Amino acid sequence: MEPLRLFPRTPTTTGGPGRPDGKRYCIWTIGCQMNEAESAKVEAMLNQVGFARTETEDDADVIVLNSCVVRQAAEDKVVGKIGSLQRIKRNNPDVRIALTGCMVTGQEARLRERFPHVDLFFAPSEFDRLVEIVPELAEADADLAELPHYYQPVATHPGVTAYVPIIYGCNFVCSYCIVPYRRGREVSRPFDEIVAEVERLAAQGVQEVTLLGQTVNAYGHDLPDGRDLADLLAAIDAIDGIKRLRFLTSHPKYFSDKLIHAIADLPSLCEHVNLPVQAGDNEVLRRMRRTYTVEHYRERIDYIRRTIPNVTLATDIIVGFPGETDEQFENTAKLLNDIEFDKVHVAMYSPRPGTLSARWEDDIPHSVKHARHQAVERIQERVSAERLRARLGETLEVLVDGQQRGRWRGRTRGNTLVFFDAAGDWLGQLVDVRITEAMTWYLLGEPVAVTHQQRLAPV
Ligand code: SAH
Ligand code: SF4
């Protein structure tokens, strides 16, 4: 650790990318981190050809919507958003509108009929198609394919954190899930290409990298040389400048001892595991086609906790799956009470067209789904508050990634949200924060030391 230094970085003011008199684009994104990463790539491509980002759709020359259909509620939001652009297209027929994400795959013809005011539909990762509405991309001298999925939370600052997709698609066929139908089979990106991308990000000043995949720990299964996620993490850990490394989302079936030891041993790899269990009952897991049992899941969690000191755990739960009895739900509640996750993402079951479970009756009434959802939230409120209270008085390393309601906001290595008040510009700093207050979902504290000053990217 560097000596105690409480001077935050001097504020920088730079113009945003693009020319003030040039064209503008607006991007709207919903859904998973993969969508955020892909939107960031679109953003990088448009910046490269001189477009400037705007948050006002009325001012935009190009509008890109990145969609999600994992649940009906997400799909409804996308449909609402597309509808709201009709007015904009009427007022400004020159505006070019594109729709991408999971709503598009295999549905282009149907969508074109339904939304004639949208100019372009392109499936996830089909970035090349953007040239159809942005001809400037054809003349770009830079190699656009080389542009990273660069996540830049504040446009005028060098990025602090970045998402890097490493494997596309999913080879599981969970009975409720539309993802394999919209994202296809697993394709791992070449090992060296990923390492080179992270090296470029590090050179730009990015300090935290999150590797992404629907089943991120299946990485490498389809590659010829036998290297897997743990090997990739080791190679990235060795890159100078990367202070924190994470990966999302893992499948319990492939959460190997080797991977668990990598988390325990690699200095930059954060002590945080996101391992969706979906249900705590073997009969429900079987009908979900999850391919593991509750016993297997509990054994993996035990091994993770034994091997990685201070590890934090997150999971996903679906309530109200077809046929889920009160007793089966109670088994899920018991699992949550026993394991005490730091974070639980809970969703009410939503039938998705084309999936296996959509052929079964969606027989759990909404009121019951809702009550189970509430029950999970109540358990988690208690567990989260308790686990956070245990951190009072500790000093935790926080990477500051933005500001919210006048306070600086960042995350610990365990992915816990921490806020603190302090004058100056702290964006991108790794700060030691002494925890003074614990709320239900986040911590409050005061900075005691800057452990690492961000290297500024050239402007
Ligand atoms: N690959 C990850 C998750 C992908 S989808 C995994 O295996 O867990 C993200 C989350 O959305 C899932 O974890 C699940 O909890 C939720 N989800 C997916 N399909 C759903 C559906 N039909 N209804 C409700 N929630 C769903
Ligand atoms: Fe969907 Fe299951 Fe694949 Fe996750 S593992 S993306 S839930 S099919």
Side-chain angles (χ1 to χ4, degrees), residues 30-37 67-77 101-103 105 124 165-188 210-219 221-222 229 247-255 273-281 284-292 296-297 300-301 313-324 329 332 335-336 341 343-364 366 368-370 372-373 376-377 380:
I30 185 173
C32 63
Q33 289 88 350
M34 191 64 95
N35 273 10
E36 282 186 44
S67 64
C68 171
V69 290
V70 82
R71 285 188 287 274
Q72 186 65 44
E75 182 163 353
D76 292 346
K77 274 190 202 150
C102 283
M103 187 185 261
T105 324
I166 64 167
I167 176 168
Y168 298 104
C170 178
N171 283 4
F172 284 92
V173 266
C174 301
S175 56
Y176 52 82
C177 186
I178 198 170
V179 170
Y181 303 92
R182 299 303 170 91
R183 298 254 172 191
R185 305 221 12 115
E186 283 165 8
V187 181
S188 297
T210 304
L211 307 183
L212 296 181
Q214 299 299 339
T215 308
V216 72
N217 54 335
Y219 177 77
H221 291 184
D222 57 332
L229 177 62
F247 57 95
L248 285 173
T249 296
S250 297
H251 193 285
K253 186 166 183 170
Y254 301 140
F255 216 84
V273 170
N274 190 316
L275 199 58
V277 65
Q278 310 298 359
D281 180 88
V284 177
L285 286 177
R286 192 186 62 76
R287 280 185 290 117
M288 285 179 163
R289 305 285 194 270
R290 287 293 287 180
T291 75
Y292 54 82
H296 170 80
Y297 188 86
R300 287 291 79 190
I301 295 291
L313 299 171
T315 199
D316 292 7
I317 296 286
I318 297 175
V319 293
F321 188 72
E324 185 187 60
F329 171 70
T332 297
L335 183 83
L336 297 178
F341 291 96
K343 179 108 188 116
V344 174
H345 306 101
V346 53
M348 289 185 266
Y349 170 72
S350 159
R352 302 283 62 214
T355 62
L356 178 59
S357 69
R359 295 192 227 148
W360 307 335
E361 194 193 342
D362 181 15
D363 58 353
I364 309 300
H366 185 267
V368 175
K369 285 181 184 169
H370 186 70
R372 290 177 186 171
H373 190 279
V376 170
E377 293 277 16
Q380 207 41 40

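Just follow the structure's listing: the first ligand is 1, and inside any ligand the first atom is 1. Given the structure is predicted, the values throughout are model-derived calculations rather than measurements. Numbers for residues simply follow the sequence, beginning at 1.
For the pair Pro165/Met34, a side-chain contact is recorded, criterion being any heavy-atom separation below 4.5 Å from C-beta on. Side-chain contact between Thr215 and Glu186 is present, with heavy atoms from C-beta onward closer than 4.5 Å.
A search for salt bridge (charged side-chain N to carboxylate O under 4.0 Å, His left out) contacts involving Arg183 returns Glu38, not counting sequence neighbours. Arg289 is linked by a side chain to side chain donor-acceptor pair (under 3.5 Å) to nothing, counting only residues two or more places apart in sequence or in another chain.
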Atom pairs, nitrogen or oxygen, ligand 1 to protein, under 3.5 angstrom:
| unit_1 | atom_1 | unit_2 | atom_2 | d |
| --- | --- | --- | --- | --- |
| ligand 1 | 1 (N) | Gln214 | O | 2.7 |
| ligand 1 | 7 (O) | Arg290 | NH1 | 3.1 |
| ligand 1 | 8 (O) | Gln278 | NE2 | 2.9 |
| ligand 1 | 11 (O) | Arg71 | NH1 | 3.4 |
| ligand 1 | 13 (O) | Gln278 | NE2 | 2.7 |
| ligand 1 | 13 (O) | Asp316 | OD2 | 2.5 |
| ligand 1 | 15 (O) | Gln278 | OE1 | 2.9 |
| ligand 1 | 22 (N) | Tyr176 | O | 3.0 |
| ligand 1 | 22 (N) | Ser350 | O | 2.8 |
| ligand 1 | 23 (N) | Ser350 | N | 3.0 |
| ligand 1 | 25 (N) | Arg71 | NH1 | 3.4 |

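By the criterion of a separation under 2.8 Å, the protein N/O/S atoms near atom 3 (Fe) of ligand 2 amount to Cys170 SG.
Atom-to-atom distance recorded for Lys253:NZ and Arg290:CZ is 11.0 Å, nearest 0.5 angstrom.
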> Between Val273 and Phe341, does a side-chain contact (heavy atoms from CB on, under 4.5 Å) hold up when you go through it step by step?
Replying inline: CA-CA 10 Å; Val273 170; Phe341 291 96; over 6 Å; no

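Residues Pro276 and Pro252 share a closest heavy-atom pair of O-CG, 3.4 Å.
Under a 3.5 Å cut-off, the side chain of Asn35 and the backbone N or O of Ser67 do form a donor-acceptor pair. Between the side chain of Thr315 and the backbone N or O of Val277 there is at least one donor-acceptor pair closer than 3.5 Å.
In terms of protein heavy-atom proximity, atom 4 (Fe) of ligand 2 is closest to Arg290 NH1, 4.2 Å. Among protein heavy atoms, atom 7 (S) of ligand 2 sits closest to Tyr176 OH, 3.3 Å.
Between His251 and Phe172, the ring planes are parallel. Angles under 30° get that label, and only those over 60° would be called perpendicular.
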